[in-house]
Protein chains: 2
Amino acid sequence: MTKDRAPTRIQKKNRAAILEAALEVFSTHGFRGATVDQIATEAGLSKPNLLYYFPSKEAIFNELMAQLLGTWLDPLRSLDPDGDPMEEILAYVQRKLQMSRDFPRESRLYANEIVQGAPRLLGTIATDLNALVEEKSALLQRWMQAGKINSAHPKHLLFSIWSLTQHYADFDVQVRALMADEDPFDAAPEYLDTLYRRMLTPSDN
Amino acid sequence: MTKDRAPTRIQKKNRAAILEAALEVFSTHGFRGATVDQIATEAGLSKPNLLYYFPSKEAIFNELMAQLLGTWLDPLRSLDPDGDPMEEILAYVQRKLQMSRDFPRESRLYANEIVQGAPRLLGTIATDLNALVEEKSALLQRWMQAGKINSAHPKHLLFSIWSLTQHYADFDVQVRALMADEDPFDAAPEYLDTLYRRMLTPSDN
DNA sequence: CGTGAGTTTTACCAGTTGGTCAAATCAAAG
DNA sequence: CTTTGATTTGACCAACTGGTAAAACTCACG
């Protein structure tokens, strides 16, 4: 049994390799569609060797998810109440879009889990994410009432930002199949910037 | 072997029950995560009995997909070159949104397949869907050049419509978890109508 | 009613799944 | 260079997977 000592050099390397491999496999097959053998091979280990580092398939998945959720919500958390409303929101959109480009597997891992009903994640969503969303919705509403941005349902506004930005990661193969040689991420930043600018610029009345 | 006769009453009933069950199971677990046994039980049949009507798991999936794709693209197909541009687009958005509310499983089935790299669907996308998208992109561009709607990348415009509307089906559990008792589909139609109206109303210059 | 096609079931199979175990190997501190 | 804990492996298991074969049943139609 591995005791509660500081992790060995080998432990650090192998646990990292396993999580990297698990991200790859889980994000393209979902939890049930992924196999421990596949993850082990991808990580360059044998299956029993992998299970020496993690007690079960579900344990790998949970650690991966916990790690992901920590950083995944950072952009929303850093929506600054003291910044300029329009610029804060537009910057948030661009940051989310960049994350879709730079970490598409993380986005797909999350998408897979939600589309399939979030059986292993609903608790976290209903508590942690909900609290964050409530806080930021209230902030958006204050901005709207102050006339800094146009009025809109704040939660639907957040949903639309998630949806539009993560679409480029989650539906990547479709987007690329329909855009031929053009890189989707060339025009996407400007498109989304324009969309939210037009949507949120206060109409003078 | 079932010959090429007209389908029996029982055949009609059971094939329908199987496809209905398969939609339920495939849409919540993806292809690899779904099991034939699960589909059979859901359809009220034994596994061998199910395999009397369909030769394999993949055959069920393929028929389901073919059936889905036929109707799924109808709203886009019926985007009318002779209608009023703004109203045509807004009506398309609302129709897509209604489909997300009325047929969420179909949307999730499709989402599952795309998120996982569309291994069984990429051909269709690259040919059939691509042709349709090219046609409608050209139409949108004509409307833009005629000044009927604001300029924007036509393909990104289509992607955004798909993304925003299907989000309410694909991420249903998340959306509902974050909206408490409020029904997402109460405010969504107005939100999307406003969004695209502001986005596409020609700025006078 | 009986008869043959259409339908369902029981029993089965080979391959894969997540996971265990004890033995073998390795690494590093003394 | 040895000893002890960390690591890796091969053999294995029970449950499940997609799919098959043949016998048994059911149903409509003459």
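The sequence lines fix the lettering, A, B, ..., with proteins before strands; numbering per chain opens at 1. If you're wondering where the values come from, they're calculated on a predicted model, not measured in any experiment.
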For [X] and [N], is the shortest distance between a side-chain N/O and OP1 or OP2 below 4.0 Å?
X     : N      : result
B:Y52 : C:dT8  : no
A:S46 : D:dT8  : no
A:S56 : C:dG18 : no

Can you tell me if [X] and [Y] form a side-chain donor-acceptor pair at under 3.5 Å?
X      : Y      : value
A:Q174 : A:H167 : no
B:R95  : B:S78  : yes
A:Y110 : A:S27  : no

Which nucleotide in the set [options] lies at the smallest distance from any side-chain heavy atom of [X]?
X     : options               : result
B:P48 : C:dT10, C:dT7, D:dT9  : C:dT10
A:Q11 : C:dG19, D:dA6, C:dT9  : D:dA6
B:K57 : D:dG18, C:dT7, D:dA6  : D:dG18
B:N49 : C:dT8, C:dG18, D:dG19 : C:dT8
B:R9  : D:dA6, D:dA28, D:dT17 : D:dA28

May I ask you to check if A:R101 and A:Y168 form a cation-pi contact, with NZ or CZ under 6.0 angstrom from the six-membered ring centre and within 45° of the axis?
-> no
Give the rounded distance in Å between these two atoms: [atom1] of [X] and [atom2] of [N].
X     : N      : atom1 : atom2 : result
B:K13 : C:dT7  : NZ    : C1'   : 11 Å
A:Q38 : D:dT17 : CD    : C1'   : 15 Å
B:F54 : D:dG18 : CZ    : P     : 16 Å
A:I39 : C:dG19 : CD1   : P     : 10 Å
B:K47 : C:dT8  : NZ    : P     : 17 Å
B:R15 : C:dG6  : CZ    : P     : 15 Å
B:L50 : C:dG6  : CG    : C1'   : 17 Å
A:K12 : D:dA6  : NZ    : P     : 16 Å

Scan [X] against the nucleic acid and name what it touches under 4.0 Å (heavy atoms): base, sugar-phosphate only, or nothing.
X     : answer
B:L51 : base
B:T8  : sugar-phosphate
B:Y53 : sugar-phosphate
A:A59 : nothing

Residue of the set B:S163, B:S100, B:S107 for which side-chain hydrogen bond (donor to acceptor under 3.5 Å, both in side chains) holds with B:D170 | B:S107
Pick the nucleotide of DNA chain D nearest each of B:P55 and A:N14; which residue has the one closer to the 5' end?
-> A:N14
For A:G44 and B:I10, take the nucleotide of DNA chain D holding the closest heavy atom to each; which residue's nucleotide lies nearer the 5' end?
-> A:G44
Using a 4.5 Å cut-off on heavy atoms from C-beta on, say whether the side chain of B:W72 contacts that of B:M99.
-> yes
